[in-house]
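When reading the values below, keep in mind they use all heavy atoms of this one structure, side chains included, and skip hydrogens, waters and symmetry mates. A, B, ... follow the sequence lines: proteins, then strands. Residue 1 opens every chain.
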Amino acid sequence: MTRYITTTLPYVNADPHIGFAVEILQADALARGWRLRGEEVFFSTGTDEHGQKILQAAEKAGKGVQEYVDHYAGEVQKLKDALALSPDAFIRTTDPKHIAAAQELWRRGEAAGDIYKKSYTGLYCVGCEAYKTEKELVDGKCTVHPALVLEEITEENYFFKFSKYQQQLLAYLAREESVVPEWRRAEARAFVEAGLEDFSISREQARLSWGVPVPGDDTQVMYVWFDALTNYISTLGWPDDTQGNFKKFWEEGKTLQVAGKDQVRFQSLMWQAMLASVGIKMTDQIFYHGFINSGGQKMSKSVGNVINPYDLVEKYGTDATRYMLLRHVHPTEDTDITWERLDDWYTANLVNGLGNLVARVMKLAETHLPEPVAIPEAGAFPEEYWRTIDAFEFHHAMDLVWARIQKLDERITNEEPFKVIKEDAPRGRTIIAEMAVELYWIARMLNPFMPHVNEVIKTAVKENKKPENLFPRLTPIA
RNA sequence: GCCGGGGUAGCUCAGUUGGUUAGAGCACAUCACUCAUAAAGAUGAGGUCGGCAGUUCGAUCCUGCCCCCCGGCACCA
């Protein structure tokens, strides 16, 4: 089976957020896990670069908008090395091919009779040069420009016939697999059952200049997310599909989107309706992760509790960061992360746990085994291991690994090979060899989660050589 | 108000699609110190699984009611 995995695209008006790091790591772990099982995977991610907010942020930073988005797109792309990601494609919504795809999707939606013009009335802030929703206002004023009076403006926009797809969406959501976790599917259903209103998908060019032009109407620009959602198929080469990736991975493969819990409406409803409109298969499965908080609050600059992915990598290293964000962040619930907890996990599970185990086993092996042990055949992972990965239970998959780590530690304590070797050398060597093989197994199971550590341990066992410390101890601050 | 999530060891959190001893890390106590990252290991103690009632041979897990915390209730993505 071929598989397609994609994340949502981060909006490039800030540095990469830890929440996105979690999302892309989950996607990466799945991609690596499924490849390990022998499946063909296409893993895509990228950046969302249009919209008035980005234009304003660029102006505020005193940069040209293209220069600005190039910079942040670069920051996101740096995550690939920092987090050891394995994407097959990186799509930017400013790519000409993507823009052409978004316009083609529009034309086909229009041809299907699902796009029409209607007047839209909203509260417009001249200072922000943007419409404001009631929720964004405090005392009826724009929070950024409280001195200005909001203008009620009416303009003609294009709308998408969302309401037409109520029944199709309900049928889609009836499939158990369509939304994970289960209760989010119920949420989505309740929303659809309550009735759907058509939504606007364009703005006047005069008010939203940084976006994809509406085909055949120079005065209008696509509203950001109509353009952004198209990325999931434009990255595969739709509509031309000269390389056949769209056919292979979207039409014939199993498609999976990974997104944050606030995305249900956009990904499972609006985007699916858009696909239905143009006659493209709906996404097979969408997995929604929870959010990361710190110290009981949302991370924010003003609170000063922001922990960003690059901080983690700098302090703990790439694989340790992957470990912590995949094992200790609950896949679907919100998780609270503090530096104290991170240090705790790092020391307990990696320094004292995995790292120390590798050191003690490989020291014994290197000292007492005349030659490397025979490496076990590939394949034959425990059933439970695949079950947890397929169910997006990354923390449980790793619990299985750590249970084996503890068992091996226990065995060393109980069987005392370092003592046995002195009294009965052949038996001592047998015990140590078995332990080296078990260590190799542990490494193999770490492949989707800690790709570098996976390699280092396997190499150590194959060469019968104790490696450098995998996880240096944190130096306590006096 | 409606919908949803959470309330599990001193702390931070997993888990249980009802079934003999509910798990991890930290902290604490004990053992060991010969293999291992000047520090790793093992063992143990510690929980009326938010409260009350019900269903059941049996409920932390199901049902009802109640209390506390958090999130959502459409064009910010």
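If you check every strand for non-hydrogen atoms under 4.0 Å, A:Lys363 touches sugar and phosphate atoms only. Residue A:Gly195 is classed as a base contact, given a heavy-atom separation below 4.0 Å to a base. Residue contacts shown for A:Val224 are limited to sugar-phosphate atoms, with no base heavy atom under 4.0 Å away. Here A:Ala190 lies out of heavy-atom contact (under 4.0 Å) with every strand. If you check every strand for non-hydrogen atoms under 4.0 Å, A:Tyr223 touches sugar and phosphate atoms only. Residue A:Asp262 is classed as a base contact, given a heavy-atom separation below 4.0 Å to a base. Here A:Asp198 lies in heavy-atom contact (under 4.0 Å) with a base. If you check every strand for non-hydrogen atoms under 4.0 Å, A:Ser200 touches a base. Within the 4.0 angstrom heavy-atom criterion, base atoms lie near A:Glu416. Looking at heavy-atom distances under 4.0 Å, A:Phe191 makes contact with a base.
Checked against the 6.0 Å centroid threshold, A:Tyr288 and A:Trp183 do not count as a close aromatic pair.
Side-chain atoms of A:Asn414 and A:Glu410 form no donor-acceptor pair, as typed in the model, at a separation below 3.5 Å. For the 3.5 Å distance criterion, the side chains of A:Tyr124 and A:Glu155 fail to qualify, holding no donor opposite an acceptor. Remark: the A:Asn349 side chain and the A:Tyr323 side chain contain an N/O donor-acceptor pair separated by less than 3.5 Å.
Using P as the reference atom, B:A32 and B:U20 are 36 Å apart when rounded to the nearest Å. For the C1' atoms, the distance from B:G50 to B:C73 is 27 Å, rounded to whole Å. Using atom C1' as the reference point in both B:G41 and B:A36, the two lie 9 Å apart (nearest Å). Comparing B:A9 with B:U60, their P atoms are spaced 15 Å from each other, to the whole Å. The separation of B:C28 from B:G1, taken at their C1' atoms, amounts to 48 Å, rounded to a whole angstrom. Comparing the same atom, C1', in B:G51 and in B:A59 gives a spacing of 15 Å after rounding to whole Å. Taking the P atoms as reference points, B:C62 lies 14 Å from B:C49, given to the whole Å. For B:A22 and B:C3, the P atoms lie 36 Å apart once the distance is rounded to whole Å.
As rounded to whole Å, 12 Å separates atom C1' of B:C75 from atom NZ of A:Lys53. One interatomic measurement links the two molecules: CD of A:Glu393 to C1' of B:C13, which rounds to 16 Å at whole-angstrom precision. For A:Leu354 and B:A39, the CG to C1' distance is 16 Å, given to the nearest whole Å. Distance A:Lys466 NZ to B:A40 C1': 12 Å, rounded to the nearest Å. Whole-Å rounding puts the A:Tyr120 OH to B:C75 C1' distance at 6 Å. Between the CD atom of A:Glu340 and the C1' atom of B:C13 there is a distance of 14 Å, given to the nearest Å. As rounded to whole Å, 13 Å separates atom P of B:A77 from atom CD1 of A:Ile201. Between the CZ atom of A:Arg411 and the P atom of B:A40 there is a distance of 24 Å, given to the nearest Å.
When distances run from any side-chain atom of A:Arg265 to the nucleotides B:A42, B:A77, B:A74, the shortest one goes to B:A74. Considering only side-chain atoms of A:Glu333, the nucleotide from B:G5, B:U37, B:A14 that sits closest is B:G5. Of the candidates B:A39, B:U34, B:A42, B:A39 carries the atom nearest the A:Asn352 side chain, counting heavy atoms from C-beta on. In this structure, the nucleotide among B:G41, B:C35, B:C75 sitting nearest to the side chain of A:Phe199 is B:C75. Distances from the side chain of A:Arg203 to the nucleotides B:C13, B:C75, B:C35 place B:C75 closest. Listed nucleotides: B:G15, B:U37, B:C13. Nearest to the side chain of A:His330: B:G15. For A:Leu196, the listed nucleotide lying nearest its side chain is B:A74; candidates were B:G25, B:A74, B:G5. For A:Asp48, taking side-chain heavy atoms from C-beta onward, the closest of the listed nucleotides B:A74, B:A77, B:C35 is B:A77. Out of B:C35, B:A40, B:U34, the shortest distance to the side chain of A:Lys422 is found at B:U34. Closest approach to the A:Asn356 side chain among B:U37, B:C75, B:A40 is made by B:A40 (side chain taken as heavy atoms from C-beta onward).
Under the Watson-Crick or G-U wobble criterion, with both distances below 3.5 Å, B:G47 is left unpaired in every strand shown. Across every strand in view, B:A32 sits unpaired, with no contact that passes the Watson-Crick or G-U test at under 3.5 angstrom. Nucleotide B:A9 forms no Watson-Crick or G-U wobble pair with any nucleotide shown, as no partner meets the under 3.5 Å limit on both distances. Applying the Watson-Crick and G-U wobble criteria (two distances, each under 3.5 Å), B:G71 pairs with B:C3.
Checking each of A:Phe162, A:Trp225, A:Tyr223 against A:Phe266 for a ring-ring contact (aromatic ring centres under 6.0 Å, His included) leaves exactly one that passes, namely A:Trp225.
Across every non-hydrogen atom of A:His330 and A:Thr335, the tightest pair is N-OG1, 2.9 Å.
A salt bridge links A:Asp399 and A:Arg327; the closest N-O separation between the charged side-chain nitrogens and carboxylate oxygens is under 4.0 Å.
Figure legend: cation-pi geometry between A:Lys261 and A:Phe291, with NZ or CZ positioned under 6.0 Å from the six-membered ring centre and within 45° of its axis.
Atoms OG and CZ, from A:Ser202 and A:Phe160 in turn, are 13.5 Å apart once rounded to the nearest 0.5 Å.
In terms of position along RNA chain B, the nucleotide closest to A:Thr335 lies nearer the 5' end than the nucleotide closest to the other residue of the pair A:Thr335 and A:Val351. Comparing A:Met270 and A:His328 by the nucleotide of RNA chain B that holds the closest heavy atom to each, the one mapping nearer the 5' end is A:His328.
At B:A77, one or more side-chain N or O atoms of A:Trp225 fall inside 4.0 Å of OP1 or OP2 (strictly under the cut-off).
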